[in-house]
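Input: a single structure, listed below in C-alpha cells.
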Amino acid sequence: MKDNDFIRRIKEVKSTRWVRFALVSIVFFAWVVWLQNPWVALAWFLLFDIYITGYIPLTWWKKSKNKSLRAVMGWVDAIVYALVLVYFIFAFIGQNYKIPSSSLEKSLLVGDYLWVNKMVYGPRVPQTPLHFPLAQHTLPILNTKSYIDQPQFEYHRLAGLRDVERNDIVVFNYPCGDTVALKVQNPDYYQIINSLKAQGVEDPRCYIADRPEEFGEVVWRPVDRRENYVKRCIGLPGERIKIVDDVIYINGKAIENAENVQFNYIVEVNSAIPREQWEEVGVRWEDHGVEPHKSQFDGRMFYDIPLTADAKAIVEKWPQVVAPLRYEREFYDLSGDYSLFPGNDPYGWTRPNMGEIWIPKKGATLRLNEYNLPMYERAIHTYEGNDLEVKDGQIYINGVPTDKYTFKMDYYWMMGDNRDRSADSRYWGFVPEDHVVGTPIWVLISFDEERSLLDGKIRWDRIFKDANPDKK
C-alpha cells in the first residue's frame with residue numbers, strides 16, 4: 001500500500017512542479033558543493049518531499065474549512081518563507097549596514113546605508129546558525145537575545161573572489177565585542193577593565209560584576225553576533241606597521257593616505273564661526289558645537305576640528321582665524337593613554353606615534369618574549385582559543401613551556417579615515433580573519449541626521465555611490 005501511495009503521489013505531480021523542483025535541486029547541489037559539506041546534501045530529501053511527495057503536512061491549513069485560520073496561516077507561511085530567504089541572502093550574499101559614527105568621514109558619512117558584499121572575500125558559514133536574520137544580537141522592543149547560543153559551528157569561509165587588500169573598506173565583527181557590559185558598551189568592556197586597573201582596582205572583573213546597577217549584565221557573544229564595525233584595511237598579514245607623527249609605515253616604507261583622510265586641527269579664532277560656514281567645508285555640527293573652546297591659561301578661543309587637506313586650505317584663509325592651524329598632537333599631551341593597544345600603556349605609545357608591530361599571518365611562527373607578548377596574548381588566547389600564562393618569566397601555552405607560537409589565522413590592521421576620532425586597531429589591535437564580514441560596494445541611501453526632511457536630509461547625490469572610493 002505504501003508503494004502504491006508513493007507512486008500515486010509521484011503521478012499526481014504536475015510537470016511544471018517537476019521543472020521547479022529540478023531547478024531548485026540544481027541550485028541546492030551547487031550550494032552544497034560551495035559549502036564543501038556533503039552531509040548538507042541529505043536535506044535534498046526534505047526538498048523532494050516539499051515539492052513532490054508531500055508526506056510532511058506543511059500545508060495542512062490550506063484544507064481547513066476555517067477561513068480565518070487559512071488567512072492567518074497564509075500570512076505566517078509568507079513571512080516564514082521571506083525570513084528563510086532573507087536568512088540565506090544575509091548569510092551568503094550580502095546585507096545592509098548603517099554607518100553609525102564619523103570614523104570614516106569623509107569617505108563614508110554618518111547616515112550612509114551600505115550594501116555589504118559577502119561574496120568578495122567568501123561568506124562565512126554561520127557560526128551561530130540559529131539566529132533571527134534581521135537583528136545582529138538583540139531583538140528590538142523585546143530587548144532579548146536574537147540568537148540561540150548552541151549549536152556553535154567552527155569557523156569556515158567559503159571560496160570568494162579575492163583576499164582582503166590594502167585600502168579596502170571592510171565590515172567586520174568588533175574584535176573586543178566578545179564580552180559586553182550591557183549598560184556601558186562604549187567604551188567597551190576591556191577598556192573599562194584597563195581604566196579600572198589604571199585607577200588601582202585590584203580585580204576589575206569582580207568590580208564590574210558586583211555593580212550591575214552601573215554596568216548591567218555582563219554577557220558573552222559569539223563571533224558572528226558581535227557588533228559590526230567598518231574601517232579601512234591598512235595592514236595585511238605578515239606585514240610590519242609603524243606610525244610616526246600620523247604617517248603610516250608598512251615594512252619601513254611610508255604609504256599614501258586615503259584622499260579624504262582627516263586629522264584634528266587646532267583652529268584659533270577671534271570670534272565664533274557660524275554653523276553655515278562650517279557646513280561649507282563639510283564639518284558636522286557635533287564636531288564644532290555652538291561656541292569655540294576657551295583656553296584656561298590665556299583666554300584664547302579655538303576649535304578642535306577634523307579637517308581634510310582641502311578643507312584645511314579653505315579654513316586657514318577665513319577672516320576669523322588668527323593663527324596657523326596646528327595638529328592636535330602638537331597642542332595636547334597624548335601620552336599615558338591606557339586605552340591604546342595593547343592596553344595599560346606598556347610601551348609608552350601615543351595615537352599618532354606607535355612602535356613597529358608585526359601583523360600575524362596564518363602559518364607564520366613568532367618568537368615570544370615578555371616584551372612582545374602583550375601585543376599577541378589576546379590573539380593567542382581569545383581569538384585562537386589557547387590557554388596562556390606566564391610563570392616565573394616563562395611563557396606557557398596549553399600548559400607547555402615555549403618561546404614561540406604558530407598562528408592559525410590571518411590578521412589585519414584596520415583604521416578610520418577620520419584619524420583622530422576613530423576607535424580602531426590603534427586601540428583594540430588586530431582583526432582576525434574569522435571576524436571579517438565583507439566589503440561595502442554601494443551606498444543604498446544616505447540621511448543627514450543633522451538636517452530635517454525639508455532641509456536636505458536625504459543626500460540624493462550619494463544614492464548608489466561607490467562605497468570604496470579610494471580602492472584602486
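Just so it is clear, the model here is predicted, and its values are computed rather than measured. Positions are given from 1 along the sequence.
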Legend entry - D298, CG: over 12 other non-hydrogen atoms inside 6.0 angstrom: yes

Legend entry - Residues, nucleotides or ligands: over 12 heavy atoms within 6.0 Å of E330 CD: yes

Inset, instruction - Decide yes or no on side chain to side chain donor-acceptor pair (under 3.5 Å) for Y189 and D178, but give the supporting numbers first. - result: CA-CA 9 Å; Y189 180 79; D178 56 311; over 6 Å; no

Inset, instruction - Check whether the side chains of Q191 and S195 place a donor and an acceptor atom closer than 3.5 Å, and report yes or no. - result: no

Inset, instruction - For N468 and T439, test the side chains for any donor-to-acceptor distance below 3.5 angstrom and give the result as yes or no. - result: yes

Inset, instruction - Could you tell me which non-hydrogen atom of R378 sits nearest to which non-hydrogen atom of Y383, and how far apart they are? - result: NE-OH, 2.9 Å

Legend entry - K457/D448 salt bridge by N-O under 4.0 Å criterion: no

Inset, instruction - Check whether the ring centres of Y265 and F331 lie less than 6.0 Å apart, and answer yes or no. - result: no

Legend entry - Within 6.0 angstrom of H156 NE2, more than 12 heavy atoms from elsewhere: yes

Inset, instruction - For residues W278 and Y303, establish whether the separation of their ring centroids is below 6.0 Å. - result: yes

Inset, instruction - Could you point out which residue of R419, R351, R329 forms a salt bridge (charged side-chain N to carboxylate O under 4.0 Å, His left out) with D246? - result: R329

Legend entry - Ring centers of W358, W413 separated by less than 6.0 Å: no

Legend entry - Aromatic centroids of H435 and Y229 separated by under 6.0 Å: no

Legend entry - Residues, nucleotides or ligands: over 12 heavy atoms within 6.0 Å of Y347 OH: yes

Legend entry - Y396 six-ring centre to K391 NZ/CZ under 6.0 Å and within 45° of normal: yes

Inset, instruction - Taking only Lys NZ, Arg NE, NH1 and NH2, and the carboxylate oxygens of Asp or Glu, determine whether R166 and E239 approach each other closer than 4.0 Å. - result: yes

Inset, instruction - Please determine which of R232, K231, K106 meets the salt bridge (charged side-chain N to carboxylate O under 4.0 Å, His left out) test together with D417. - result: R232

Inset, instruction - Please lay out, stage by stage, how M354 and K242 fare under the test side-chain contact (heavy atoms from CB on, under 4.5 Å). - result: CA-CA 6 Å; M354 300 185 73; K242 185 177 183 179; over 6 Å; no

Legend entry - F430 ring center near F341 ring center (under 6.0 Å): yes

Inset, instruction - May I ask you to check whether over 12 heavy atoms, not counting those of W349, lie within 6.0 Å of atom CH2? - result: yes

Legend entry - Cationic tip of R211 above Y207 ring, under 6.0 Å, 45° of axis: yes

Inset, instruction - Can you establish whether the number of heavy atoms outside E154 located under 6.0 Å from its atom CD is more than 12? - result: no

Inset, instruction - Give a yes or no on whether a salt bridge exists between R157 and E433, defined as a side-chain N under 4.0 angstrom from a carboxylate O. - result: no

Inset, instruction - Tell me, yes or no, whether the heavy-atom count around K408 atom NZ, taken from other residues, nucleotides or ligands under 6.0 Å, exceeds 12. - result: yes

Inset, instruction - Count the heavy atoms belonging to other residues, nucleotides or ligands that lie under 6.0 Å from NZ of K312, then report whether that count exceeds 12. - result: yes

Inset, instruction - Over all heavy atoms of both residues, which pair between L158 and L35 is shortest? Give the atoms and the distance, please. - result: CD2-CA, 3.6 Å

